[in-house]
Number of protein chains: 2
Amino acid sequence: MKKATLVDVAKEADVSAITVSRALRTPDMVSTALRQRVERAVAKTGYVPNKAASMLASSKTNSIVVLVPSLSNNVFDEVLRGIEEAARSANVTIQIGNTMYDPLREQQLLTSLLNPLPAGVILTGGEQNEASKRILQQAQTPVVQIMDLVKDPIHKVVGFSNYDGAVSALHHMLDAGYKRIGFIGAQMDPRAQDRLRGYRNALYDSGLQEPERTSVTNEKADVKLGGTLLTSLLTQHPDCDAVLCSNDDLALGVLFECQRRGLNVPRDVGICGFNDLGIVSEAVPRVTSVCTPRFEIGQCAVETVLDPHINTRAPVLDLGFKLHVRESTQP
Amino acid sequence: MKKATLVDVAKEADVSAITVSRALRTPDMVSTALRQRVERAVAKTGYVPNKAASMLASSKTNSIVVLVPSLSNNVFDEVLRGIEEAARSANVTIQIGNTMYDPLREQQLLTSLLNPLPAGVILTGGEQNEASKRILQQAQTPVVQIMDLVKDPIHKVVGFSNYDGAVSALHHMLDAGYKRIGFIGAQMDPRAQDRLRGYRNALYDSGLQEPERTSVTNEKADVKLGGTLLTSLLTQHPDCDAVLCSNDDLALGVLFECQRRGLNVPRDVGICGFNDLGIVSEAVPRVTSVCTPRFEIGQCAVETVLDPHINTRAPVLDLGFKLHVRESTQP
DNA sequence: GTGAAAGCGCTAACAG
DNA sequence: CTGTTAGCGCTTTCAC
């Protein structure tokens, strides 16, 4: 049995093909009687629309493209959950692309995924290369950048201030009594760099900027690297009494390394992470972290991208963050 | 400037449209001279193939559909990395769907993603509902099930034995001297149940099956739940001297809970995880785990799905596992 | 509200 | 090896 087409349904319902098409896509433009006849015919024939044909004829898709830099970074799980949920209730599908923090790969993905044109594009940060930016600007589809308050957005931005997050964490650590706070960072994308800037400026404002106690690399951030970076930080600055980490994986690695060295957390070393992935709140001791609204960002990005009045929206939507203070910074 | 089509390229190269099409898809079927002319014309016109048109005309896609039950479970990161890498070198795109461990959602995704027909489907385990299985059997596209040695495969299987993994872990724990080993499990999908069966049978073979020390739930497995389950396990069986966990998140939660209770790992309690996600080997103490070949499974699944001689392949490919013994089970 | 005609851009099938 | 002819299944126009 061949698959039913629009024409088969039309015959079954004794109407024209175009009426079936309209009954399905824009039910309001069709009389109730016909709509019901069509619905019955669809059920009877088991008709499933052919997306390729629809795309070709309309040169439109009802899917939105989502580009994330990593799937192993648990930060994006929650973002994707928000996106999936919102997309599902808006009845659009999503296409996930993993750029692996590689602008060239991002460009390739865009080239490939922007054809046929999606209903919208969601991507991470503002670190696209020039070619990608041009592609996005020329594409006739809304673009939302997330996770960061990008300065010169392509269209719209939904995120939070990584800079302020770090500042806020640092003020807390200073208030808790730490005086020689270091910074550990990896995968230093613009967001991680904003965190580093926040760290520096907060210290500067407190007159504690020297010496600079940082240990930073561009390698992929993971738990193991956290330990390595702590080792190198303590080698250079044995007097460190606390560490702000550019993300939670590193913070966990720092905690483990402290345990191996017999350093008491929070007494000998205070630790603060960034993002507040579930796991840090379960570690022993529980780790302080800057909680970022990842699920909401995902949801909101979809809403923005699909908003028919997107042009009237503010270009930048700041969803904020919340510092979750836990045992690891309360000596 | 309108977008260039195949016809534009053909005019530019002074050949017919079908020649351009062939030069692009099957370069071997075209003379070198023409191929070069076509390539130049493509470059000059900036031609980008229209996928929708191609799909419609050929009723084929060069994309493969990948369904995973979770993106927050780090198990699938590696699998997806393997899939992505293999897909990229085979020049096919992938479409990721997240079933969220929900058979109905899986069925919906299949209905939606199997149209137009993908070059293949990769999905997790054998727990699809009847409707999904029927859809997959009727679809004219290869199906590979991964992560488990499914008994009645739809087409092919690439995985490892969860049962044997658990048995092997248990034998090691018994050898290490643990005598009252408990099992902690969550998200008890068929793979987790196989692990539980392995645990039970290994104990049975050693004559240590009673009393049964298990704490199992269907909730989503995460670090926090590991602690909760340990608490309930110890309440019922305070004599437990070791725990096999159905995955690494739980194992980490168990470790943290032990630390909170002042129980020494591995002396008071031995801990073994499953999957060997990078993090467990960094914890203090480093946690023993059953290492599963997730990256290879992903790669191999793509190779299988795309293999033109797929029919001659063995239905089940067992990629094995490796027990990584660490401090947490060496009292 | 509904329909008829005319493609969207590409590829399968067959000829040469 | 290359070209001709006919669609793929749907939606867009424009009539009615």
Side-chain angles (χ1 to χ4, degrees), chain A residues 1-39 41-42 45-63 93 111-112 114-119 140, chain B residues 1-39 41-42 45-63 93 112 114-119 140-141:
Chain A
M1 191 185 77
K2 276 197 58 195
K3 263 178 61 173
T5 73
L6 209 52
V7 174
D8 300 325
V9 179
K11 277 190 198 137
E12 182 67 36
D14 199 32
V15 293
S16 73
I18 183 61
T19 301
V20 177
S21 172
R22 281 198 275 249
L24 264 32
R25 286 176 305 142
T26 51
D28 303 337
M29 292 179 60
V30 164
S31 67
T32 316
L34 272 196
R35 186 170 50 226
Q36 290 176 346
R37 279 232 304 278
V38 168
E39 275 163 12
V42 166
T45 54
Y47 169 72
V48 179
N50 180 318
K51 269 179 213 146
S54 160
M55 285 182 205
L56 177 57
S58 67
S59 55
K60 269 181 217 155
T61 349
N62 75 145
S63 94
T93 64
T111 313
S112 134
L114 254 51
N115 164 25
L117 200 66
Q140 296 295 310
Chain B
M1 188 186 77
K2 273 198 61 194
K3 262 176 61 171
T5 73
L6 208 53
V7 174
D8 299 325
V9 179
K11 277 190 198 134
E12 182 68 35
D14 200 30
V15 293
S16 72
I18 186 67
T19 301
V20 177
S21 172
R22 282 199 273 251
L24 264 29
R25 285 177 305 144
T26 51
D28 303 336
M29 293 179 60
V30 165
S31 68
T32 315
L34 273 195
R35 186 170 49 227
Q36 290 175 347
R37 279 233 304 279
V38 168
E39 275 163 11
V42 166
T45 54
Y47 169 72
V48 178
N50 180 320
K51 268 180 215 147
S54 163
M55 284 182 205
L56 178 56
S58 66
S59 55
K60 268 182 218 155
T61 346
N62 77 142
S63 95
T93 63
S112 134
L114 255 49
N115 165 23
L117 201 65
Q140 297 295 311
T141 193

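A, B, ... follow the sequence lines: proteins, then strands. Residue 1 opens every chain. Reckoned from all heavy atoms, side chains included, excluding hydrogens, waters and symmetry mates.
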A:Leu117 CG to C:dG9 P, in whole Å, measures 14 Å
Atom CG of B:Asn115 and atom C1' of D:dC8 are separated, to the nearest Å, by 13 Å
Sidechain-backbone polar pair: B:Thr141 side chain, B:Leu117 backbone, donor-acceptor under 3.5 Å: no
Mind checking B:Ser59 for me? I need base, sugar-phosphate or nothing, with any heavy atom below 4.0 Å counting as a touch. nothing
Test of understanding: with side-chain hydrogen bond (donor to acceptor under 3.5 Å, both in side chains), list the residues that count as partners of B:Thr93, not counting sequence neighbours. none
A:Met55 CE to C:dG9 P: how many Å, rounded? 15 Å
Closer than 3.5 angstrom, by distance alone: can the side chain of A:Ser54 be matched with the main-chain N or O of A:Asn50 as a donor-acceptor pair? no
For a side-chain contact (heavy atoms from CB on, under 4.5 Å) with A:Pro27, tell me which candidate from A:Arg22, A:Arg35, A:Glu39 qualifies. A:Arg35
Protein-nucleotide distance (A:Asn62, atom CG; D:dT11, atom P), rounded to Å: 11 Å
Would you tell me whether B:Arg25 and B:Ser21 have side-chain atoms, one donor and one acceptor, within less than 3.5 Å of each other? yes
A:Ser54 has its side chain closest, among C:dC10, D:dT11, D:dG9, to D:dT11
Compare the minimum distances between each of C:dA12, D:dC10, D:dG9 and the side chain of B:Leu56, then state the nucleotide with the smallest one. D:dG9
Protein and nucleotides 1-4 of chain D: nitrogen or oxygen contacts under 3.5 angstrom:
{"unit_1": "D:dT2", "atom_1": "OP1", "unit_2": "B:Ser31", "atom_2": "OG", "d": "2.8"}
{"unit_1": "D:dT2", "atom_1": "OP2", "unit_2": "B:Ser31", "atom_2": "N", "d": "2.8"}
{"unit_1": "D:dT2", "atom_1": "OP2", "unit_2": "B:Ser31", "atom_2": "OG", "d": "3.4"}
{"unit_1": "D:dG3", "atom_1": "OP2", "unit_2": "B:Ser16", "atom_2": "N", "d": "3.3"}
{"unit_1": "D:dG3", "atom_1": "OP2", "unit_2": "B:Ser16", "atom_2": "OG", "d": "3.2"}
{"unit_1": "D:dG3", "atom_1": "OP2", "unit_2": "B:Thr19", "atom_2": "OG1", "d": "2.4"}
{"unit_1": "D:dG3", "atom_1": "N7", "unit_2": "B:Arg22", "atom_2": "NH2", "d": "2.7"}
{"unit_1": "D:dG3", "atom_1": "O6", "unit_2": "B:Arg22", "atom_2": "NH1", "d": "3.4"}
{"unit_1": "D:dG3", "atom_1": "O6", "unit_2": "B:Arg22", "atom_2": "NH2", "d": "3.3"}

Could you tell me which residues satisfy side-chain hydrogen bond (donor to acceptor under 3.5 Å, both in side chains) with A:Thr19, sequence neighbours excluded, listed by chain and number? A:Ser16
Could you tell me how far apart B:Arg25 (CZ) and C:dC10 (C1') are, to the nearest whole angstrom? 8 Å
Whole-Å gap separating P (D:dT11) and CG (A:Leu24): 8 Å
